[in-house]
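Notes to accompany the following structure.
Naming: A, B, ... by sequence-line order, numbering from 1 per chain.
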There are 2 protein chains.
Amino acid sequence: MAAARNGTRRGPYAKSSHQRDRIIELALDYFGQQGYHGTSMREIARGTGLSQAGLLYHFPTKTDLLTAVLESRDTLPEVAARSAVERAQDPLAGMTAVIVDNASNRQLVQMFTVVSAEATDERHPAHGYFRQRSQIVIALMRAGLEQAVEQGLVRRDLNVDYAARQCQALMYGLQVQWLFDPSTDMVGLFQHLLDGFAVPTPRPPPDAKDSRRAADASGQ
Amino acid sequence: MAAARNGTRRGPYAKSSHQRDRIIELALDYFGQQGYHGTSMREIARGTGLSQAGLLYHFPTKTDLLTAVLESRDTLPEVAARSAVERAQDPLAGMTAVIVDNASNRQLVQMFTVVSAEATDERHPAHGYFRQRSQIVIALMRAGLEQAVEQGLVRRDLNVDYAARQCQALMYGLQVQWLFDPSTDMVGLFQHLLDGFAVPTPRPPPDAKDSRRAADASGQ
DNA sequence: GTCTATATTAAGATAGAC
DNA sequence: GTCTATCTTAATATAGAC
């Protein structure tokens, strides 16, 4: 993947021109702030100091540019998450590490958040990409949680399928909350969820008279 | 609010024409599927059988139409949430009730999800609306949780500020997960979080040898 | 209340010079 | 590798007839 960047190699196997990378960086900002639909190629071209035709030399279509933006940053979080989740001593720390990372990169978070929401539409050029990505992230989370169960870090009766989906959803939702309110403590709030997965600390149950649950529509 | 729909009253105090409502309904679908930026007024006009100028009679600008779409549906979930959370016997059931509702209205969920993500940009016409809305939802959740604490439904030591933010974020994230994968059990996954808030059931701790937590970047 | 016609601006994309 | 110039289509919006 990310091999054969067509038509832009300088040397025999130069993978990416300087310009190409500059354009991708700027496009990431624009797509993040205004969305894919809300951003024009002219706008990006202007930002890079190129003419629109000059931009189109590097990325013949708008979709090509979006794909390049997605690919350029997909390696980082994906690999980071994979390695962190799978090989960290504490697999749960791998998840929080991803969030710590995100908290220092607003542009990236905003791009993935906004474009993935747009990509909810089946006709969006990145629809397939984000649907698949969602599955992958959930699977990575489940793997980390299973490992945590084995290591005795979380309750043995934890439903890892549910917990993994919760982690993915919470991570996403916290990012949006944080984008609207940068004072949001994404890391702490996520950690709070993980704490709920932990083996119960020997705390005396303060009042166990009525532990019923809202027993309604759980079946939807 | 929602009084004085300017220029479209038939009778002396008719609040909304039939056409107006039809347009709003269709715009909700379009904005949901393609986003605000990705949808044109011509498109919506075509969908209603009007010409573009005909549409502009009812909504002079695109922003006016977005505002109307937002207002038209804001009453429903807001009031529903407020009443459900505040006056239900079990305040937690009020939250799940909202999700049950959402699970049967994809168009609505998609519109709020996609447009709010777009509105992350400060220049987006609905930016202020969604930033405020986020705060309101969190506050409603906190109110419900506080009530639940009083009723002994959840742990006394629960951090309601954290929990409320978690609820809002999870609800949002689950909606996106569900939009990409309609088999997602939003209700069950949300309920699972609430279960974690409950007073601990008297379950014997299976293995309490090592209950340390990932003690890293919680301070970000 | 809805139309046709039009103004203006901008979109994505191509051709071909340099 | 980048430009100017241009094509084609479509965007928001207005004017004014019916």
Side-chain angles (χ1 to χ4, degrees), chain A residues 4-27 30-31 33-69 115 118 121 123-126, chain B residues 4-27 30-31 33-69 115 118 121 123-126:
Chain A
R5 312 247 186 196
N6 47 0
T8 48
R9 35 187 73 161
R10 275 171 320 190
Y13 284 91
K15 48 245 140 183
S16 67
S17 71
H18 177 61
Q19 274 290 46
R20 212 187 136 93
D21 290 345
R22 278 187 57 232
I23 295 166
I24 288 174
E25 282 307 297
L26 196 72
Y30 274 101
F31 288 155
Q33 281 162 34
Q34 309 179 334
Y36 175 72
H37 292 310
T39 305
S40 73
M41 293 293 269
R42 273 191 165 80
E43 221 171 345
I44 296 169
R46 224 178 295 132
T48 58
L50 287 171
S51 69
Q52 192 222 353
L55 170 60
L56 286 172
Y57 166 78
H58 297 281
F59 302 97
T61 72
K62 196 183 178 185
T63 301
D64 288 337
L65 178 52
L66 176 61
T67 302
V69 168
V115 179
E118 280 184 306
D121 182 16
R123 293 160 298 180
H124 193 284
Chain B
R5 313 247 186 195
N6 47 359
T8 49
R9 35 186 70 160
R10 277 172 320 191
Y13 284 92
K15 49 239 139 186
S16 66
S17 70
H18 177 60
Q19 273 291 47
R20 212 187 135 93
D21 290 345
R22 276 187 58 232
I23 295 166
I24 288 174
E25 282 306 297
L26 196 72
Y30 274 102
F31 287 155
Q33 280 162 34
Q34 307 179 339
Y36 175 72
H37 292 310
T39 304
S40 72
M41 293 294 268
R42 271 192 166 78
E43 223 172 341
I44 296 170
R46 224 177 293 132
T48 58
L50 288 171
S51 71
Q52 193 224 351
L55 171 60
L56 286 172
Y57 167 77
H58 296 281
F59 302 96
T61 72
K62 195 183 177 184
T63 301
D64 289 337
L65 178 51
L66 177 61
T67 301
V69 168
V115 179
E118 280 183 306
D121 184 15
R123 293 160 298 180
H124 193 284

What nucleic acid atoms does Gln52(A) come within less than 4.0 Å of, heavy atoms only: base, sugar-phosphate, or nothing? base

Nearest-nucleotide pick for Lys62(A), side chain only, options being dA13(C), dT2(D), dG1(C): dA13(C)

With the side chain of Met41(A) defined as its heavy atoms from C-beta on, choose the nearest nucleotide among dG12(C), dA13(D), dA15(C). dG12(C)

Could you tell me whether the side chain of Arg42(A) has a donor or acceptor atom within less than 3.5 Å of a complementary atom in the base of dA10(C)? no

Return the minimal non-hydrogen interatomic distance between His37(B) and Glu118(B), and the atom names on each side. N-OE2, 3.1 Å

Are any of Tyr57(B)'s side-chain N or O atoms less than 4.0 Å away from OP1 or OP2 of dG1(C)? yes

Measure from the side-chain heavy atoms of Thr61(B) and tell me the nearest of dA13(C), dA13(D), dC3(C). dA13(D)

Using a 4.0 Å heavy-atom cut-off, does Ser40(A) contact any base of the nucleic acid, only the sugar-phosphate backbone, or nothing at all? sugar-phosphate

Which nucleotide in the list dT2(D), dA13(D), dG1(C) gets nearest to the side chain of Leu50(A)? dT2(D)

Whole angstrom is fine here: how far is it from CG in Leu55(A) over to C1' in dA11(C)? 13 Å

Measure from CD1 on Ile44(A) to P on dA11(C) and round the result to the nearest Å. 11 Å

Heavy atoms only, 4.0 Å cut-off, all strands: where does Thr63(A) land among base, sugar-phosphate and nothing? nothing

Any side-chain N or O of Ser51(B) less than 4.0 Å from the OP1 or OP2 oxygen of dC3(C)? yes

Rounded interatomic separation in angstrom, taking CG from Leu56(B) and P from dT6(C): 18 Å

Can you tell me how far apart CD1 (Ile44(B)) and CZ (Arg22(B)) are? Round to the nearest 0.5 Å. 12.5 Å

Per nearest nucleotide of DNA chain C, the residue lying toward the 5' end, Tyr36(A) or Gly49(B), is Gly49(B)

dG1(C) phosphate, OP1 or OP2: any side-chain N/O from His18(B) under 4.0 angstrom? no

What's the NE2-P distance between His58(A) and dA13(C), to the nearest Å? 16 Å

For the student: nearest non-hydrogen atoms of Lys62(A) and Tyr36(A), plus distance: NZ-O, 2.8 Å

Rounded to whole Å, please give me the gap between CZ in Arg22(B) and C1' in dT2(C). 13 Å

Give the rounded distance in Å between these two atoms: CG of Asp64(A) and C1' of dG12(C). 12 Å

Roughly, in whole Å, what's the span from CZ in Phe59(B) to C1' in dT2(C)? 15 Å

Reported OG-to-CZ distance for the pair Ser51(B) and Arg46(B), which is rounded to 0.5 angstrom: 11.5 Å

Member of Leu66(A), Thr61(A), Asp64(A) meeting the side chain to side chain contact (heavy atoms under 4.5 Å, CB included) criterion with Pro125(A): Leu66(A)

How close or far is atom P of dG12(C) from atom CG of Leu66(A), stated in whole angstroms? 12 Å

For the residue pair Leu65(B) and Phe31(B), establish whether any side-chain heavy-atom pair is separated by less than 4.5 Å. yes

Of the options dG1(D), dG1(C), dT4(D), whose atoms approach the side-chain atoms of Ser17(B) most closely? dG1(C)

